[in-house]
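Here the structure comes first, spelled out in C-alpha coordinates, and everything after it is commentary.
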Amino acid sequence: MFSSPFPDVEIPDVSLYEYLFGGLEEVDLERIALVDGVSGAEMSYRSLVAQIDAVAGAVAAQGLGVHGVAAILCPNVPAFAVVFHGLLRAGATVTTVNSLYTADEIALQLADAGAEWLFTVSALLPAAREAAARAGIPAERLVVLDGAPDIPRCRICSAPARRLRKSPSIPPPTWPLCRTPPALPAGPRA
(Lines give C-alpha, C1' and ligand atoms only; values in the text may rest on other atoms or scores of the structure.)
Protein backbone atom coordinates (compact mmCIF):
# COMPACT_ATOMS: atom_id res chain seq x y z
CA MET A 1 0.00 0.00 0.00
CA PHE A 2 1.22 3.45 -0.87
CA SER A 3 0.49 6.56 1.15
CA SER A 4 0.67 10.11 -0.07
CA PRO A 5 2.87 12.55 1.79
CA PHE A 6 0.07 15.09 1.31
CA PRO A 7 -3.04 15.43 3.48
CA ASP A 8 -6.15 13.54 2.43
CA VAL A 9 -8.36 15.34 -0.06
CA GLU A 10 -11.67 16.33 1.45
CA ILE A 11 -14.55 15.49 -0.86
CA PRO A 12 -17.61 17.61 -0.09
CA ASP A 13 -20.90 15.85 0.57
CA VAL A 14 -22.75 17.58 -2.29
CA SER A 15 -23.45 16.77 -5.91
CA LEU A 16 -20.98 17.91 -8.54
CA TYR A 17 -23.64 20.32 -9.86
CA GLU A 18 -24.09 21.91 -6.44
CA TYR A 19 -20.32 22.07 -5.92
CA LEU A 20 -19.68 23.79 -9.26
CA PHE A 21 -22.75 25.98 -9.65
CA GLY A 22 -24.48 26.20 -6.25
CA GLY A 23 -22.42 29.14 -5.00
CA LEU A 24 -22.70 31.34 -8.09
CA GLU A 25 -23.65 34.91 -7.23
CA GLU A 26 -25.78 37.08 -9.52
CA VAL A 27 -22.66 38.86 -10.79
CA ASP A 28 -21.04 35.49 -11.62
CA LEU A 29 -23.97 34.45 -13.80
CA GLU A 30 -23.08 37.02 -16.46
CA ARG A 31 -19.44 35.90 -16.72
CA ILE A 32 -18.35 33.75 -19.66
CA ALA A 33 -18.36 30.05 -18.77
CA LEU A 34 -17.60 28.42 -22.13
CA VAL A 35 -16.24 29.52 -25.49
CA ASP A 36 -16.66 27.47 -28.67
CA GLY A 37 -13.13 27.22 -30.07
CA VAL A 38 -14.31 27.03 -33.69
CA SER A 39 -17.03 29.69 -33.85
CA GLY A 40 -15.96 31.86 -30.91
CA ALA A 41 -19.52 31.75 -29.54
CA GLU A 42 -19.61 32.47 -25.82
CA MET A 43 -21.93 31.03 -23.17
CA SER A 44 -22.51 32.74 -19.83
CA TYR A 45 -22.85 30.85 -16.57
CA ARG A 46 -26.53 31.86 -16.53
CA SER A 47 -27.08 30.23 -19.92
CA LEU A 48 -24.95 27.20 -19.01
CA VAL A 49 -26.87 26.52 -15.80
CA ALA A 50 -30.22 27.02 -17.57
CA GLN A 51 -29.26 24.60 -20.34
CA ILE A 52 -27.93 22.04 -17.85
CA ASP A 53 -31.21 22.27 -15.92
CA ALA A 54 -33.20 21.89 -19.15
CA VAL A 55 -31.29 18.75 -20.16
CA ALA A 56 -31.60 17.32 -16.64
CA GLY A 57 -35.35 17.92 -16.59
CA ALA A 58 -35.83 16.54 -20.09
CA VAL A 59 -33.92 13.31 -19.49
CA ALA A 60 -35.58 12.86 -16.09
CA ALA A 61 -38.97 13.21 -17.81
CA GLN A 62 -37.89 10.42 -20.19
CA GLY A 63 -36.98 8.17 -17.25
CA LEU A 64 -33.20 8.63 -17.33
CA GLY A 65 -31.95 9.33 -13.83
CA VAL A 66 -30.53 7.52 -10.83
CA HIS A 67 -29.38 4.01 -11.84
CA GLY A 68 -29.51 4.97 -15.53
CA VAL A 69 -26.37 4.96 -17.68
CA ALA A 70 -25.77 7.29 -20.61
CA ALA A 71 -22.82 7.59 -22.98
CA ILE A 72 -21.56 10.76 -24.61
CA LEU A 73 -19.71 10.46 -27.92
CA CYS A 74 -18.93 14.08 -28.66
CA PRO A 75 -15.89 16.25 -29.35
CA ASN A 76 -14.80 19.00 -26.98
CA VAL A 77 -17.58 21.51 -27.71
CA PRO A 78 -19.89 23.45 -25.34
CA ALA A 79 -22.72 20.94 -25.92
CA PHE A 80 -20.54 18.24 -24.32
CA ALA A 81 -20.36 20.19 -21.04
CA VAL A 82 -24.09 20.95 -21.08
CA VAL A 83 -25.12 17.33 -21.69
CA PHE A 84 -22.50 15.86 -19.32
CA HIS A 85 -23.58 18.05 -16.39
CA GLY A 86 -27.28 17.73 -17.29
CA LEU A 87 -27.04 13.94 -17.15
CA LEU A 88 -25.20 14.06 -13.83
CA ARG A 89 -27.73 16.54 -12.45
CA ALA A 90 -30.51 14.08 -13.33
CA GLY A 91 -28.62 11.42 -11.37
CA ALA A 92 -27.42 9.31 -14.30
CA THR A 93 -24.04 7.64 -14.55
CA VAL A 94 -22.09 8.94 -17.54
CA THR A 95 -19.47 7.20 -19.61
CA THR A 96 -17.54 9.44 -21.99
CA VAL A 97 -16.50 7.85 -25.28
CA ASN A 98 -13.40 8.81 -27.23
CA SER A 99 -14.47 10.57 -30.44
CA LEU A 100 -11.77 8.71 -32.37
CA TYR A 101 -13.09 5.25 -31.48
CA THR A 102 -14.32 2.93 -34.19
CA ALA A 103 -17.86 1.54 -34.09
CA ASP A 104 -16.45 -1.70 -32.64
CA GLU A 105 -14.68 0.14 -29.82
CA ILE A 106 -17.74 2.29 -29.10
CA ALA A 107 -19.96 -0.81 -28.96
CA LEU A 108 -17.56 -2.47 -26.48
CA GLN A 109 -17.64 0.56 -24.21
CA LEU A 110 -21.43 0.91 -24.42
CA ALA A 111 -21.87 -2.75 -23.52
CA ASP A 112 -19.29 -2.67 -20.74
CA ALA A 113 -20.83 0.42 -19.17
CA GLY A 114 -24.39 -0.87 -19.56
CA ALA A 115 -25.33 2.33 -21.42
CA GLU A 116 -29.02 2.74 -22.19
CA TRP A 117 -28.70 6.09 -24.01
CA LEU A 118 -26.12 7.51 -26.42
CA PHE A 119 -25.66 11.25 -27.01
CA THR A 120 -23.58 12.23 -30.04
CA VAL A 121 -23.14 14.75 -32.86
CA SER A 122 -23.98 14.34 -36.55
CA ALA A 123 -20.33 14.01 -37.63
CA LEU A 124 -20.02 10.87 -35.46
CA LEU A 125 -23.48 9.49 -36.22
CA PRO A 126 -22.52 6.63 -38.59
CA ALA A 127 -20.26 4.96 -35.99
CA ALA A 128 -22.63 5.89 -33.15
CA ARG A 129 -25.65 4.38 -34.90
CA GLU A 130 -23.81 1.14 -35.67
CA ALA A 131 -22.41 0.87 -32.13
CA ALA A 132 -25.75 1.66 -30.49
CA ALA A 133 -27.46 -1.07 -32.54
CA ARG A 134 -24.78 -3.61 -31.54
CA ALA A 135 -25.08 -2.63 -27.88
CA GLY A 136 -28.88 -2.90 -27.94
CA ILE A 137 -29.60 0.83 -27.53
CA PRO A 138 -32.91 1.56 -29.29
CA ALA A 139 -32.94 4.24 -32.00
CA GLU A 140 -35.18 6.49 -29.88
CA ARG A 141 -32.41 6.62 -27.26
CA LEU A 142 -29.79 7.81 -29.73
CA VAL A 143 -29.72 11.59 -29.34
CA VAL A 144 -28.01 13.74 -31.97
CA LEU A 145 -27.18 17.08 -30.38
CA ASP A 146 -26.82 19.06 -33.59
CA GLY A 147 -29.45 17.20 -35.60
CA ALA A 148 -29.26 14.86 -38.57
CA PRO A 149 -31.39 14.53 -41.72
CA ASP A 150 -33.46 11.68 -40.32
CA ILE A 151 -33.25 12.57 -36.62
CA PRO A 152 -34.74 15.78 -35.17
CA ARG A 153 -32.29 18.11 -33.43
CA CYS A 154 -31.84 16.97 -29.83
CA ARG A 155 -35.36 15.63 -29.45
CA ILE A 156 -34.69 14.79 -25.79
CA CYS A 157 -34.18 18.51 -25.15
CA SER A 158 -37.53 19.38 -26.74
CA ALA A 159 -39.42 16.85 -24.61
CA PRO A 160 -41.51 18.23 -21.75
CA ALA A 161 -39.07 18.76 -18.89
CA ARG A 162 -39.59 17.87 -15.29
CA ARG A 163 -38.48 20.74 -13.06
CA LEU A 164 -35.65 19.69 -10.75
CA ARG A 165 -35.46 21.90 -7.67
CA LYS A 166 -32.37 20.07 -6.40
CA SER A 167 -30.23 17.20 -7.51
CA PRO A 168 -31.85 13.82 -6.88
CA SER A 169 -30.75 11.83 -3.89
CA ILE A 170 -27.92 9.72 -5.19
CA PRO A 171 -26.27 7.03 -3.13
CA PRO A 172 -22.53 7.71 -2.57
CA PRO A 173 -20.43 8.48 -4.49
CA THR A 174 -22.14 11.56 -5.91
CA TRP A 175 -19.18 12.37 -8.15
CA PRO A 176 -19.19 11.20 -11.79
CA LEU A 177 -18.51 7.56 -12.35
CA CYS A 178 -16.92 6.85 -15.68
CA ARG A 179 -16.20 3.39 -16.98
CA THR A 180 -13.80 2.52 -19.73
CA PRO A 181 -13.76 -0.55 -21.94
CA PRO A 182 -11.33 -3.38 -21.35
CA ALA A 183 -7.93 -2.93 -22.97
CA LEU A 184 -7.99 -3.69 -26.65
CA PRO A 185 -5.19 -5.66 -28.30
CA ALA A 186 -2.38 -3.52 -29.67
CA GLY A 187 -1.50 -3.46 -33.32
CA PRO A 188 -3.27 -2.73 -36.58
CA ARG A 189 -7.02 -3.07 -36.66
CA ALA A 190 -8.95 -4.59 -39.53
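Computed from heavy atoms alone, side chains included, the values below leave out hydrogens, waters and symmetry copies. Quick note: residue numbers are just sequence positions, from 1.
Annotation: side chain of P75 is in contact with side chain of L124 (closest heavy-atom distance under 4.5 Å). Between I137 and W117, every side-chain heavy-atom pair lies at or beyond the 4.5 Å cut-off. Looking at heavy atoms from C-beta onward, L34 lies out of side-chain contact with E42 at the 4.5 angstrom threshold. With contacts defined as side-chain heavy-atom distances shorter than 4.5 Å, the pair D53/V55 does not qualify. A 4.5 Å side-chain heavy-atom check between L64 and V69 finds every atom pair outside the cut-off. Contact annotation: the side chain of R141 never approaches that of L118 to less than 4.5 Å [non-hydrogen atoms, C-beta and beyond]. Counting only heavy atoms from C-beta outward, the side chains of L73 and F119 never approach each other to under 4.5 Å.
D13 and Y19 share no donor-acceptor pair across their side chains, judged by distance under 3.5 Å alone.
In the hydrophobic cluster analysis, where Ile, Leu, Val, Met, Phe, Trp and Tyr join through side-chain heavy atoms closer than 4.5 angstrom, Y45 is grouped together with M43. I32 and F80 fall into different hydrophobic clusters, defined by Ile, Leu, Val, Met, Phe, Trp and Tyr side-chain heavy atoms under 4.5 Å apart, directly or through other members. The hydrophobic clustering, which links ILVMFWY residues whose side-chain heavy atoms are closer than 4.5 Å, places I72 and V77 apart. Under the 4.5 Å side-chain contact rule for hydrophobic residues, V35 and L20 do not share a cluster.
Environment of CD in E30: crowded, with over 12 heavy atoms of neighbouring residues, nucleotides or ligands closer than 6.0 Å.
Here the straight-line distance linking atom CG of L16 with atom CD1 of I11 works out to 11.5 Å at 0.5 Å rounding. To the nearest 0.5 Å, the span separating CG on L29 from CZ on F21 amounts to 11.0 Å. Atom CG of L88 sits about 9.5 Å away from atom CD1 of I52, to the nearest 0.5 Å. Atoms SG and CG, on C74 and N98 in that order, are 12.0 Å from each other to the nearest 0.5 Å. Between the CG atom of L110 and the OH atom of Y101 there is a distance of 11.0 Å, given to the nearest 0.5 Å. Between the CZ atom in R31 and the CG atom in L24 there is a gap of 7.5 Å [rounded to 0.5 Å].
Annotation for A103 and A127: closest pair CB-O, 3.8 Å, computed over non-hydrogen atoms. Nearest heavy-atom pair across A135 and A107 is CB-O, 4.2 Å. A pairwise comparison of heavy atoms in G23 and D28 identifies O-OD2, 4.3 Å as the closest pair. Closest of all the heavy-atom pairs between V14 and E18 is CB-OE1, 3.8 Å.
S47 is linked by a side chain to side chain donor-acceptor pair (under 3.5 Å) to Q51, counting only residues two or more places apart in sequence or in another chain. For D36, there are no side chain to side chain donor-acceptor pair (under 3.5 Å) partners at least two apart in sequence or on another chain. By the side chain to side chain donor-acceptor pair (under 3.5 Å) test, E116 pairs with no residue at all, sequence neighbours left out.
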Should V144 and V121 be marked as a side-chain contact (heavy atoms from CB on, under 4.5 Å) after you check the CA-CA gap, both sets of side-chain angles, and the distance that decides it?
CA-CA 5 Å; V144 182; V121 293; 5.6 Å; no
Practice problem: Check the pair R46, E26 against salt bridge (Lys or Arg N to Asp or Glu O under 4.0 Å), reporting the backbone distance first and the verdict last. | Solution: CA-CA 9 Å; R46 181 181 311 280; E26 186 64 30; 2.4 Å; yes
Carefully, step by step, assess T95 and Q109 under the rule side-chain contact (heavy atoms from CB on, under 4.5 Å).
CA-CA 8 Å; T95 183; Q109 184 167 341; 2.7 Å; yes
